[in-house]
Protein chains: 2
Amino acid sequence: MQQPTPRQQQVYDFIADYQQQKGYAPSLQEIAAHLKIHGNLGVMRHLQALEKKGLLHRTAGSSRGIVLCGQAQSLRLPVLGRVAAGNLSLAFEELEGYLCVDPSLVHGEKSFALRVKGDSMIEAQIAPGDLAIVRPQASADNGDIVVAMRNGEATLKRFFREKDHIRLQPANSRLMPILLYPADGEVQILGKVTAIVRTLA
Amino acid sequence: MQQPTPRQQQVYDFIADYQQQKGYAPSLQEIAAHLKIHGNLGVMRHLQALEKKGLLHRTAGSSRGIVLCGQAQSLRLPVLGRVAAGNLSLAFEELEGYLCVDPSLVHGEKSFALRVKGDSMIEAQIAPGDLAIVRPQASADNGDIVVAMRNGEATLKRFFREKDHIRLQPANSRLMPILLYPADGEVQILGKVTAIVRTLA
DNA sequence: GCTGATAGTTACTTTATAATAACTATCAGC
DNA sequence: GCTGATAGTTATTATAAAGTAACTATCAGC
């Protein structure tokens, strides 16, 4: 977690105070007024900086859509035993319950927690039984860990876009990578893993 | 406090769910959409009724200015960069911030989150940079993962009580176990790891 | 049958709020 | 002197969201 600049800290503190006192986050102009900033662009950039540093989370286009990380507040995600995918619509199967997590673990709308089944990512320190926090998205950046749907089974793999195909690389030396060519649509990316939560004992 | 009608209860429940999941309250139109009400006047009157019955509080003219009365909170743990231990009193050093977690990850009072430093537990799928949720306790059961203080450094080890000593076993084949005899008090158990939280990307 | 509380609809206006464009200023580090 | 990060201003636009008017419908209780 990066440290904010003093000015950014002021912004953060005001949001925390306001949230604590009123029960919801301030609008950009309210922040601007308090910090004696004329216009909200300055505020916007402070928020962008704070978000990049992982101190808060924002929902674009949503008024007062600011959630501070590490405050007495958390997001409630559904915990799924498995995922099934009919073309990008995630079916919530085997709903195990709900998990409250810090906003810093969640990056985006409609995230959910998926119970990890196999040991395909064991060498990336992801074990069966762990909960993977997943943000639904159809593609990813190189090196991201994604949830891939294959033969009706959801598995975790590392995502690499190469010359004319996509490589889904397990973190398990006993397993082979999957090469995915545009033609065969048998594999589908359901989302990106943004965090791991494991309960011991 | 008056009881809401069934329909009003639905409105209230949706707001509670939304608030929990997203971290802020829904807009009138979002409520309307969810309850399949066309237009937001209907919603407005439900909110007015709920407010009159003392179940929530609204700020006029403020978007998402809904605050529910009497909602439960989740647990907020301090995140420490390291721990130092003067006889069982944990000093909160290098406070990185706070992490909100589900009560299911925390087992006991005064738990905290510790940033994992080395790779002593790498084969137990605990990597450097992970956050270990720790419940302070001076002993443990066989097989538990504990935070042990040694030479001023906190490390994670697996705990085993054997004949006349305690064995602190790393999950890393390159590291040797530590044998701890009652006489030498050079190693101290600070607590037990109850959960692991990792942020990716 | 009347009344009042509850519940809903369509259409609209107003305001709150977020987002963008096009600038300037300061400061640290190379 | 150049660059990039930080910080700020004025202005404008787009959209999110709250609020209002004018209706209808159902149901419980008197």
Side-chain angles (χ1 to χ4, degrees), chain A residues 1-19 21-69 103 107-110, chain B residues 1-19 21-68:
Chain A
M1 185 193 285
Q2 285 174 265
Q3 286 307 304
T5 66
R7 192 60 169 159
Q8 287 166 7
Q9 183 67 50
Q10 285 183 292
V11 174
Y12 184 92
D13 289 344
F14 173 67
I15 298 171
D17 282 356
Y18 187 106
Q19 168 84 51
Q21 215 217 303
K22 305 258 256 172
Y24 48 86
S27 65
L28 298 193
Q29 9 279 71
E30 285 170 330
I31 300 172
H34 181 262
L35 296 184
K36 309 257 197 303
I37 294 175
H38 297 220
N40 57 12
L41 177 54
V43 175
M44 202 114 118
R45 280 202 301 250
H46 284 308
L47 293 184
Q48 283 161 358
L50 286 165
E51 184 164 29
K52 203 154 66 185
K53 291 179 181 179
L55 295 163
L56 54 79
H57 173 249
R58 261 163 57 81
T59 303
S62 194
S63 65
R64 301 174 188 274
I66 303 173
V67 185
L68 298 184
C69 299
H107 297 105
E109 295 302 290
K110 293 184 181 160
Chain B
M1 186 192 286
Q2 285 174 267
Q3 285 306 304
T5 66
R7 192 58 168 161
Q8 287 166 7
Q9 184 67 50
Q10 283 184 292
V11 174
Y12 184 92
D13 289 346
F14 172 66
I15 297 170
D17 279 359
Y18 187 105
Q19 168 83 49
Q21 217 221 300
K22 305 259 254 173
Y24 47 86
S27 64
L28 298 193
Q29 8 282 77
E30 284 170 330
I31 300 172
H34 182 263
L35 296 182
K36 309 256 197 306
I37 295 175
H38 297 221
N40 54 14
L41 177 53
V43 174
M44 202 115 118
R45 280 202 301 248
H46 285 309
L47 293 185
Q48 284 161 358
L50 285 166
E51 185 163 28
K52 204 156 61 182
K53 292 178 182 180
L55 294 162
L56 54 78
H57 174 252
R58 260 163 59 79
T59 303
S62 193
S63 65
R64 300 174 191 277
I66 303 173
V67 186
L68 298 184

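It should be emphasised that the depicted structure is a prediction, and the values quoted were computed from it without experimental measurement. Each chain gets a letter, A, B and so on, in the order its sequence line appears, and its residues count up from 1.
The main-chain N or O of A:Leu35 is never found under 3.5 Å from a side-chain atom of A:Gln10 such that the two would form a donor-acceptor pair. The closest donor-acceptor contact from the side chain of B:Arg64 to the backbone of B:Ala25 lies under 3.5 Å.
For A:Gln48 and D:dT6, the shortest distance from a side-chain N or O to OP1 or OP2 is not below 4.0 Å. For B:Thr5, a side-chain nitrogen or oxygen approaches OP1 or OP2 of C:dA7 to under 4.0 Å. The phosphate of C:dA16 has neither OP1 nor OP2 within less than 4.0 Å of any side-chain N or O from A:Gln29. OP1 or OP2 of D:dA7 sits under 4.0 Å from a side-chain N or O of A:His46.
Nucleic acid contact for A:Arg45: base, since at least one base atom lies under 4.0 Å from a heavy atom of the residue. Heavy atoms of B:Gly61 sit under 4.0 angstrom from primed sugar atoms or phosphate atoms, though from no base atom. Residue-level contact check: B:Glu30 touches neither bases nor backbone, having no heavy atom under 4.0 Å from any strand.
Base pairing annotation: D:dA28 forms a Watson-Crick or G-U wobble pair with C:dT3, both donor-acceptor distances under 3.5 Å. Pair check for D:dT10 finds C:dA21; Watson-Crick or G-U wobble, both atom distances under 3.5 Å. When both pairing distances are held under 3.5 Å, C:dT14 makes a Watson-Crick or G-U pair with D:dA17.
Note: CD (A:Gln8) to C1' (D:dA5) measures 10 Å, nearest angstrom. The OH atom of A:Tyr24 sits 13 Å away from the C1' atom of D:dA18 (whole-angstrom rounding). With rounding to whole Å, A:Lys36 atom NZ is found 18 Å from D:dA7 atom P. Atom-to-atom, CD1 of B:Ile31 to P of D:dG19 comes out at 12 Å; the value is rounded to the nearest Å. In this structure, the CD atom of B:Gln9 is 12 Å from the P atom of C:dA7, given to the nearest Å. Rounded to whole angstrom, the span from the CG atom of A:Leu28 across to the C1' atom of D:dT9 amounts to 16 Å. Counting to the nearest Å, the P atom of C:dA11 and the CG atom of B:Asn40 are 14 Å from each other. Between the P atom of C:dA18 and the CD atom of A:Glu51 lies a distance of 14 Å, rounded to the nearest Å.
Distances from the side chain of B:His38 to the nucleotides C:dT9, D:dT6, D:dT20 place C:dT9 closest. Looking at the side chain of A:Ser27, the nearest of the listed nucleotides C:dT17, C:dT20, D:dA17 is C:dT17.
The aromatic rings of B:Tyr24 and B:Tyr18 sit perpendicular, their planes meeting at an angle over 60°, well past the 30° parallel limit.
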Report the C-alpha distance between B:His46 and B:Ile31 in whole Å, list the side-chain angles of each, state the deciding distance to 0.1 Å, and finish with yes or no for side chain to side chain contact (heavy atoms under 4.5 Å, CB included). CA-CA 10 Å; B:His46 285 309; B:Ile31 300 172; over 6 Å; no
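With DNA chain C read from its 5' end, the first of the two nearest nucleotides for A:Arg64 and B:Ile37 is the one closest to B:Ile37. Both A:Arg7 and B:Ala60 lie close to DNA chain D; mapped to their nearest nucleotides by heavy-atom distance, the more 5′-ward contact belongs to A:Arg7. Checking B:Ser62 against B:Leu41, the closest nucleotide of DNA chain D that is more toward the 5' end is the one next to B:Ser62.
Contact check for A:Gln8 versus A:Leu55: no side-chain heavy atoms found under the 4.5 Å cut-off.
Taking every heavy atom of both residues into account, B:Ala32 and B:Gly39 meet most closely at CB-O, 3.6 Å.
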